[in-house]
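In what follows, a structure is listed as structure tokens, so that the remarks can point back to it.
Note that ligands are numbered from 1 as they come in the structure, with each ligand's atoms numbered from 1 the same way.
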Amino acid sequence: MRTWSVAALALAWLVPGTGQQPTHITVRFGHLWDGTRLIDNALVTIDGDTITSVEAGGTTPGAIDMSRYTAIPGLIDLHTHITYYWDRKPGTRPLAQPPRRPAVTVFLAQDNARRTLATGVTTIRDLGASGETDYAMRDLVAMGAMAGPRMFVAGQGISAGRGWTPDPAALARQAEDRVKAGSDWVKVYASRGSFDSVDTTQTLTFDELKAIVDAAHALNHKVAIHSYGASGVRDAVRAGADSVEHGIEIDDDTFAEMVKRGTVWVPTIDHNRYYIDAKDEYGFKPDSIQPLEDYVAKNLESAKRAVKAGVKIGMGSDAVYTMFGENTRELEWFVKAGMTPAQALATATTTAAELLDQKNRLGRIAPGFAADLVAIDGRPLDDIHDVIAGVRWVMKDGKVVVPLRAGAEK
Ligand SMILES: [Zn+2]
């Protein structure tokens, strides 16, 4: 039996395509931000899918020379809808497409996944999909059968229909059903608001939110609550949400409560900027633009106060359709809100990894962590824009997923 195991191991080593060949790679970077500090002339050693050492200085023959670049950890986008795909077919719009079978959606959404990897995002939390398409993508990526970021997914979000009578017990059962069906996270819509609507009306009560959170937590699953308005954010935080998505005009008491509880706020400021820019693709009415602009300004105002209050903030793009490829533009808003570039990077690395219960595996370049590395042309700790425009190479789980590409000369 033991002999057989050794033989099988040897075979796995030799036969290409089994996906199990141990690989030993060393890469040299001019600079490296490991998630906590900057290291000059850094040598990273990778065995298989894991980083085994990070050292400063020295020379190693055979190391891949990336000394022109600064390495940062693979980034985490905490809020996507990766199965929302649009093929740009003339006569259609993102929200007016012919129906597709779920398997077709999964196949086509690989394009969103590739565009996401190209931004340096190697992990996403996908917060809402229909037809279990997100479960399928997560599993295919984890199997190595599909190129894409590793995925933590929520399945279908929980919401109240129009004319809904409050029913905490029914919503608790829905949360349990999501977890049983395969959701990693439970996503809840506690208010209206999406696409060209910035309607802040709360749609679920505190008691309902609490029932959902308690049911999910009893099964060891976390909860993300969407609220465009302040009252929904307030109730979501007090109900025990692990993260709150969107939100404006958030009161100082709620921010203080978030600091106390460690609740992560994912403001998704950039997604309304995207809707303004993409208004023609969507066919949004002209009178929807000013409210979107007002929402962005209020979102930023709350973010400034959250930064001052010390609230944990996470990077979520809320990317849908043609926004994939712009996943990290949120970071620029965070710097505008008063963060240093290093603090902004933490929203997409260490803070995000902790929220996903992956703080010993993701969000840092350190021994024992997943070999997710991004080579940046520029100085990301001096100018966050270099993270957005300067991605030249991406590795995920020890495999190059975005080959080295030249950028425009700076
Ligand atoms: Zn969303």
Side-chain angles (χ1 to χ4, degrees), residues 76-86 94-95 105 109 112-113 115-116 119 121 123-135 137-138 149 151-160 178 183-204 209 212 222-229 232-233 236 241-248 263-278 282 284 288 292 295-296 299 302-303 313-330 333 347-348 352 355-356:
I76 300 169
D77 185 344
L78 286 170
H79 192 138
T80 63
H81 299 273
I82 203 161
T83 61
Y84 291 28
Y85 181 76
W86 183 43
L95 300 173
T105 296
N112 291 344
R115 282 187 272 146
T116 298
T119 67
V121 167
T123 304
I124 61 171
R125 185 180 60 154
D126 200 71
L127 290 182
S130 59
E132 306 197 341
T133 47
D134 54 345
Y135 302 163
M137 280 187 82
R138 172 195 62 193
M151 293 172 62
F152 296 84
V153 310
Q156 184 83 50
I158 296 175
S159 59
R178 296 295 186 278
S183 291
D184 305 301
W185 275 74
V186 172
K187 166 72 181 289
V188 186
Y189 293 91
S191 82
R192 291 188 196 146
S194 66
F195 302 110
D196 57 338
S197 159
V198 293
D199 187 342
T200 55
T201 310
Q202 190 172 344
T203 48
L204 291 175
L209 296 174
I212 293 167
K222 287 182 163 179
V223 181
I225 301 185
H226 157 123
S227 175
Y228 264 47
V233 172
D242 299 282
S243 74
V244 181
E245 317 294 310
H246 325 299
I248 56 170
T263 316
V264 175
W265 186 36
V266 183
T268 72
I269 303 167
D270 191 56
H271 88 296
N272 286 316
R273 183 281 310 161
Y274 159 75
Y275 287 132
I276 295 165
D277 286 354
Y282 283 82
F284 291 153
S288 64
L292 286 169
Y295 196 95
V296 170
N299 219 181
S302 282
I313 295 177
M315 184 193 80
S317 63
D318 206 358
V320 294
Y321 304 112
T322 54
M323 193 181 172
F324 289 94
E326 302 177 9
N327 303 62
T328 58
R329 286 185 62 171
E330 183 77 355
W333 290 105
T347 69
L355 180 63
L356 295 174

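Using bins of under 30°, 30° to 60° and over 60° for the plane-to-plane angle, the ring pair Y282/Y321 lands in the perpendicular bin. Relative ring orientation between Y84 and H81 is described as tilted, the plane-to-plane angle lying within the 30° to 60° band.
With sequence neighbours excluded, no residue satisfies ring-ring contact (aromatic ring centres under 6.0 Å, His included) with W185. Residues that satisfy the side chain to side chain contact (heavy atoms under 4.5 Å, CB included) test with S183, not counting sequence neighbours, are Y135, R178.
Judged by distance alone, the side chain of N299 and the main-chain N or O of I248 form no donor-acceptor pair under 3.5 Å.
If you count the protein N, O or S atoms nearer to the Zn ion (ligand 1) than 2.8 Å, you get 3.
Among residues at least two apart or in separate chains, salt bridge (Lys or Arg N to Asp or Glu O under 4.0 Å) pairs with a member in residues 317-326 are R273-E326.
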